[in-house]
Amino acid sequence: MSAYRNLTSTTQLERTWIESELLPLCDDLRERNVSDRTLEGRSLYCLFYEPSFVTRPSFERAIGLLGGSAYHTEDASQFFPVKTSSYVDNIISILASLHMDLVVLRSSETGSIETAANVDALPIINGGSLDDHPTQALADIYT
């Protein structure tokens with residue numbers, strides 16, 4: 001898992017990585033009870049085409065606890081149409097030019113997650129798509 005630049009699918013998740021690396025890291029962060037500045041100076045952009053009550057705030061809170069900054073668009077379809085393939089490409093390139101370090105993309109438009117990842121301008125995390133939600137799978141495993 002750690003060899004991947006993007007997290008686009010649950011099929012990337014490997015049990016050995018989850019058990020040996022991810023869960024111990026989660027436990028370590030949880031037990032500290034203090035803010036960690038590991039991601040100070042880093043930025044996360046939540047590009048959401050569908051609303052989310054838990055996913056977006058979870059990412060924003062996590063990066064905040066680690067010292068980074070979060071930015072978001074709750075209903076990106078108002079500003080950045082996803083139905084035209086070049087729009088996702090362009091938006092990811094624009095966010096990279098703004099020195100974002102990571103994008104969490106939530107979209108039910110077929111292929112949009114893969115299109116964003118293929119731009120290869122910055123890491124993409126699938127924050128929920130029509131077919132998959134790897135971050136939810138990880139949260140379910142952890143809890």
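- For Gln136, the side chain to side chain donor-acceptor pair (under 3.5 Å) test picks out Asp140, with sequence neighbours left out.
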*Can you list the steps and then say if Ile91 with Tyr45 is a side chain to side chain contact (heavy atoms under 4.5 Å, CB included)?*
CA-CA 11 Å; Ile91 296 309; Tyr45 197 93; over 6 Å; no
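- The hydrophobic clustering, which links ILVMFWY residues whose side-chain heavy atoms are closer than 4.5 Å, places Ile141 and Trp17 together.
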*For side chain to side chain contact (heavy atoms under 4.5 Å, CB included), just list the numbers for Leu13 and Leu138, CA-CA rounded to whole Å, side-chain angles, deciding distance to a tenth of an Å, and then say yes or no.*
CA-CA 9 Å; Leu13 303 174; Leu138 288 171; 3.8 Å; yes
*asked:* Evaluate Ser97 against His99 for side chain to side chain donor-acceptor pair (under 3.5 Å), listing each step before the verdict.
replied: CA-CA 5 Å; Ser97 75; His99 303 286; over 6 Å; no
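- Residues passing the side chain to side chain donor-acceptor pair (under 3.5 Å) test with Glu40: none are found, sequence neighbours excluded.
- In this view, Thr110 satisfies the side chain to side chain donor-acceptor pair (under 3.5 Å) rule with no residue, not counting sequence neighbours.
- Grouped by direct or indirect side-chain proximity (heavy atoms under 4.5 Å, Ile/Leu/Val/Met/Phe/Trp/Tyr only), Val54 sits with Phe53.
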What donor-acceptor contacts under 3.5 angstrom involve side-chain atoms of residues 118-125, with partners at least two apart or in another chain?
residue : atom : partner : partner atom : Å
Asn118  : ND2  : Glu114  : O            : 3.2
Asp120  : OD1  : Arg5    : NE           : 3.0

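- Under the side chain to side chain contact (heavy atoms under 4.5 Å, CB included) criterion, Thr8 pairs with Asn6, Gln12, Ile113, Ala117, sequence neighbours left out.
- Taking CD from Glu60 and OG1 from Thr55, the interatomic distance works out to 11.0 Å, rounded to the nearest 0.5 Å.
- With 3.5 Å as the limit, one finds a donor-acceptor pair spanning the side chains of Glu50 and Ser108.
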